[in-house]
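Worksheet: the structure to be examined is printed underneath.
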Amino acid sequence: MSYLDLDNLSKSFKDDKIISNLNAKIEKGEFFVVFGPSGSGKTVLLRLLSGIMMADSGEIKMDNQIINELHPEERDVSMAFQNFALYPHMKAYENIASPLRAKNKNMPENEIHEKVNEIANLLKIGHVLNQFPKELSNGQKQRTSLARSLVDKPSVVLLDDPLRNVDAKIRFEMRLELPKVLKEFNTTVIYITQDFREAMALGDRIAVLYDGKFNDIDSPKNIYQNPSSLTTAKLFGDPTINNFDATIKKQNGFVEVDVNGEHF
Amino acid sequence: MEYDKSFFNLYFFTIIIELLLGLGIALLLAKRNWLNNILGVLLVLPLMIAPALASLIWRLLINPNFGIVNYLLSFIGIDDFTWASHPDTVLFTLIMVDVWVFTPFIMILLLAGLRSLPRQPFEAAELDGVPEYYKFFRITLPMLFPFILTASLFRLLESIQQFDIIYALSQGGPGESSMVFQVSAYLQTFQYTNIGKAAAMMVVLWAICYFLCHVFVQQWHKLKIKTKGELLQ
Amino acid sequence: MSINVWSILKFFAYVAIIMFFLFPIAWIFNMSFMTNDEILRKVPVLFYEPTFKNYIGLWEGEIAIEGFATMYVYFKQNLINSAILSVGSVSVTLLLGVPAAYAFARYKFKGGEDIAFTLLSFRFAPALLIILPLNLYFSEIGLYDSYFALIWVYQLITLPLLLWIVRGYFEDISPDIEYAYRLDGHSWFQSFWKISIPLAKPGIAAASLLCFIYAWNNFVFALILGSSQIQPVTVGALAFITASAIPYGLIACGIVVSVLPTLILALFIQKYLVQGLSLGAIKG
């Protein structure tokens with residue numbers, strides 16, 4: 001039984017269908033990468049899952065409960081934004097503590113302190129907890145935003161291209177570090193990226209998003225070796241794979257490949 | 001109602017004086033140094049005084065018995081200037097007080113505009129050895145134009161309904177020599193209890209204001225987008 | 001040579017500007033410390049012994065004039081009225097205007113722009129057009145001559161001002177920051193209170209101080225809608241100057257205490273003044 005179930009999800013803006021009839025089943029604890037070219041609706045999909053936007057039709061089921069109509073604060077989902085979305089008027093410590101301080105938790109101060117420090121040390125930002133976001137480097141901001149999304153151990157973590165706004169060196173480090181950190185929390189991760197290398201490096205499974213739906217959902221290896229369509233194949237390669245039109249005929253017991261009049 | 005047309009001329013005239021004076025002062029203060037910074041702060045003060053109170057300040061300064069301004073004017077050979085008490089000089093007096101209160105408004109907006117202009121065109125002109133007057137008319141003025149337009153529309157909207165200064169200084173008099181829409185409507189209502197006429201006057205004025213307000217908001221949006229764009233660069 | 005002429009011209013320009021714009025304020029301050037005799041001299045005195053008699057008289061409400069009986073002045077009540085009206089107006093404006101500004105900034109509902117525009121157009125509508133009917137209407141329902149009625153009418157100037165300034169500040173806050181806070185498990189109201197309001201605070205503070213100045217400086221509303229019991233300093237000072245036999249020093253003193261609050265506030269919000277005066281179009 002899958003944990004997160006997306007059933008015929010659709011969302012359009014005016015006449016633009018951004019997401020149309022999207023289906024997916026995501027297992028508990030899975031690292032699920034959504035990969036797609038820019039403008040394919042990845043961010044919209046995350047916003048539907050987090051409750052920032054409401055779907056036009058279709059169902060989102062989490063643990064067998066329909067959560068379509070729930071407000072963001074009522075879903076057991078957290079999210080790290082592409083632009084970090086840190087609270088500029090709060091220190092890093094308070095940023096990370098924010099989910100712990102939310103309503104109906106009544107967590108004692110020393111427990112908050114413990115949890116914030118634990119996650120901060122894990123993400124190597126223990127030394128910047130007393131600084132405001134504008135004093136942090138991009139890499140530290142990104143770690144703070146990750147820490148904030150993980151500190152309360154949510155069932156599902158949504159990561160909106162978190163490595164896009166950091167420089168190449170940090171991106172490379174984080175690509176190695178991130179799976180380790182996330183494994184410790186044993187949460188379901190939905191990770192958005194438009195970098196196929198990142199998708200291959202991180203994902204248990206990769207879903208390829210274009211034309212408003214998932215066109216392949218498979219392990220990185222299978223997608224790379226057996227893409228279901230030419231578009232998918234083109235997206236996984238740098239430089240883009242060569243492709244050409246060819247006719248394949250069986251003739252006289254040989255296989256003949258006909259490319260622009262040349263015979264092989 | 002025949003006096004109303006001449007009063008529209010008066011509004012435009014007042015605003016043009018304020019505009020030229022405001023622009024002049026803004027250009028004078030554009031460079032940042034201690035004197036300009038202090039003056040930039042102090043020159044806003046008249047704008048922060050209630051127009052009604054500003055009129056009273058001037059009434060004390062131009063009082064025929066002891067007004068300091070009369071005393072100072074006597075040095076340059078002007079004796080017994082009649083100010084608000086004579087039909088020939090009442091408009092001058094009203095304009096003077098209006099200019100005193102509202103020129104700082106134009107000045108502060110244009111000063112902010114001048115200081116926000118991008119440097120590159122001026123540096124390029126500097127390198128090319130372009131003369132000062134050419135720089136002013138071909139670079140400064142065109143780039144400052146949106147600010148000038150916004151400030152003048154703002155002033156126009158406010159001055160059409162100006163009531164405080166005229167009421168506190170002359171009440172439309174002497175005779176009807178400084179009577180405008182607003183004061184007239186007020187007197188019609190409270191002295192002659194002729195509310196119908198007052199209401200008719202106000203509706204006409206309201207229509208004009210509403211139209212101008214529309215123009216103003218469009219210009220406001222343009223300026224806002226423009227200044228935001230420059231901030232992003 | 002030509003540079004010299006230029007700098008001499010500049011020097012005279014500075015002198016003229018200072019004389020015209022700042023001298024009147026300085027002279028009124030000066031006058032408020034003079035006795036009537038000193039003011040009434042044909043040749044102004046520059047050196048005199050400053051007296052606080054005017055200020056004391058204004059505060060105590062009575063002043064002895066030589067040759068006349070004691071005079072009673074009620075200017076203190078005008079000052080109190082001004083304070084009540086301005087603080088009241090700004091409070092109501094904050095209560096109504098901040099949520100409204102947020103709504104206009106965040107929710108692009110149909111006709112929203114038109115409503116924002118109409119509210120702004122009140123700011124520029126001829127004041128008498130609005131007050132004349134209200135005057136009749138207020139007498140009818142017994143609201144004439146009450147602080148409540150005046151504070152209500154003052155909203156016509158303060159509310160659009162705050163709305164248009166603060167709206168710009170809310171628009172500058174990324175919606176993602178609010179969403180992030182809600183995803184942390186906070187309600188919509190908490191995100192408004194703990195994220196949006198603190199981030200827009202400089203704008204809200206500047207706008208409310210500017211509203212205070214405009215409310216304090218208003219003249220026409222109170223002139224028509226209030227009796228002398230609730231009239232602010234702007235109207236009170238005019239009655240003061242037209243009344244006979246009040247010493248001129250006392251009048252000057254009344255004007256000084258009436259303009260002082262706004263002048264001091266103006267110095268405080270110097271940084272935000274341009275932005276406020278242009279309704280947020282120009283970032284100073």
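Quick note on labels: first sequence line is chain A, next is B, and so on, each numbered from 1.
Of the two parts of C/Leu267, only the side chain, counted from C-beta on, holds a non-hydrogen atom closer than 4.5 Å to a non-hydrogen atom of chain B. Neither the backbone nor the side chain of B/Leu111 comes within contact range of chain C; no heavy atom of the residue lies under 4.5 Å from a heavy atom of that chain. Looking at B/Arg115, neither its backbone nor its side chain comes within 4.5 Å of chain C, counting heavy atoms on both sides. Heavy atoms closer than 4.5 Å to chain C are found nowhere in B/Asn70, neither backbone nor side chain. Contacts of B/Val41 with chain C are made by both backbone and side-chain atoms, with heavy-atom separations under 4.5 Å. For C/Ile28, the part sitting under 4.5 Å from any heavy atom of chain B is the side chain, from C-beta outward, and nothing else. For chain C, no part of B/Leu212 is nearby; none of its heavy atoms comes within less than 4.5 Å. Within the 4.5 angstrom heavy-atom criterion, only side-chain atoms of B/Phe163, from C-beta onward, approach chain C. Of the two parts of B/Pro146, neither the backbone nor the side chain holds a non-hydrogen atom closer than 4.5 Å to a non-hydrogen atom of chain C. In this structure, the portions of C/Leu238 lying under 4.5 Å from any heavy atom of chain B include both its backbone and its side chain. In this structure, chain C has no heavy atom under 4.5 Å from any part of B/Val101. Only the side chain of C/Ile18 comes within contact range of chain B, with heavy atoms under 4.5 Å apart.
When the candidates C/Val256, C/Leu210, C/Leu273 are compared by the number of heavy-atom contacts under 4.5 Å with chain B, C/Leu273 comes out ahead. Counting heavy-atom pairs closer than 4.5 Å to chain C, the top-ranked of the candidates B/Ile68, B/Leu61, B/Leu47, B/Thr103 is B/Ile68. In terms of non-hydrogen atom pairs under 4.5 Å with chain C, the most contact-rich of B/Leu21, B/Val99, B/Leu45 is B/Leu45. Interface remark: of the candidates B/Leu72, B/Ile25, B/Asn65, B/Ile25 forms the most heavy-atom pairs closer than 4.5 Å to chain C.
Of all the heavy atoms in B/Pro46 and C/Phe21, the pair that sits closest is CG-O, 3.7 Å. Looking at every heavy atom in both residues, B/Ala50 comes nearest to C/Thr234 through CB-CG2, 3.5 Å. Here the closest non-hydrogen pair linking C/Thr262 and B/Met48 is OG1-O, 3.1 Å. In plain terms, the two heavy atoms of B/Leu53 and C/Val233 that are nearest each other are CD2-O, 4.2 Å. Taking all atoms of both residues into account, the shortest heavy-atom contact from C/Val274 to B/Ala112 is CG1-CB, 3.5 Å. Between B/Leu28 and C/Tyr14, the shortest heavy-atom distance links the atoms O-OH, 3.4 Å.
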How far apart are the C-alpha atoms of C/Ile25 and B/Ile49, what are their side-chain angles, what is the distance that settles it, and do they pass the side-chain contact (heavy atoms from CB on, under 4.5 Å) test? CA-CA 10 Å; C/Ile25 300 175; B/Ile49 293 176; 4.0 Å; yes
Evaluate side-chain contact (heavy atoms from CB on, under 4.5 Å) for B/Leu43 paired with C/Leu22, printing each intermediate quantity in order. CA-CA 7 Å; B/Leu43 284 181; C/Leu22 300 180; 4.2 Å; yes
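C/Ile251 contributes atom CD1, which lies 9.0 Å from atom CG of B/Leu56 (distance to the nearest 0.5 angstrom). With rounding to the nearest 0.5 angstrom, the CG atom of B/Leu29 is 6.0 Å from the CD1 atom of C/Ile17. One finds the CZ atom of B/Phe66 at 4.5 Å from the CE atom of C/Met31 (value rounded to the nearest 0.5 Å). Expressed to the nearest 0.5 Å, how far CG of B/Asn37 lies from CD of C/Gln270 amounts to 10.0 Å. Once rounded to the nearest 0.5 Å, the distance linking CG of C/Leu223 with OH of B/Tyr186 reads 4.0 Å.
When atom types are taken as modelled, the side chain of B/Trp100 and the backbone of C/Phe20 share a donor-acceptor pair closer than 3.5 angstrom.
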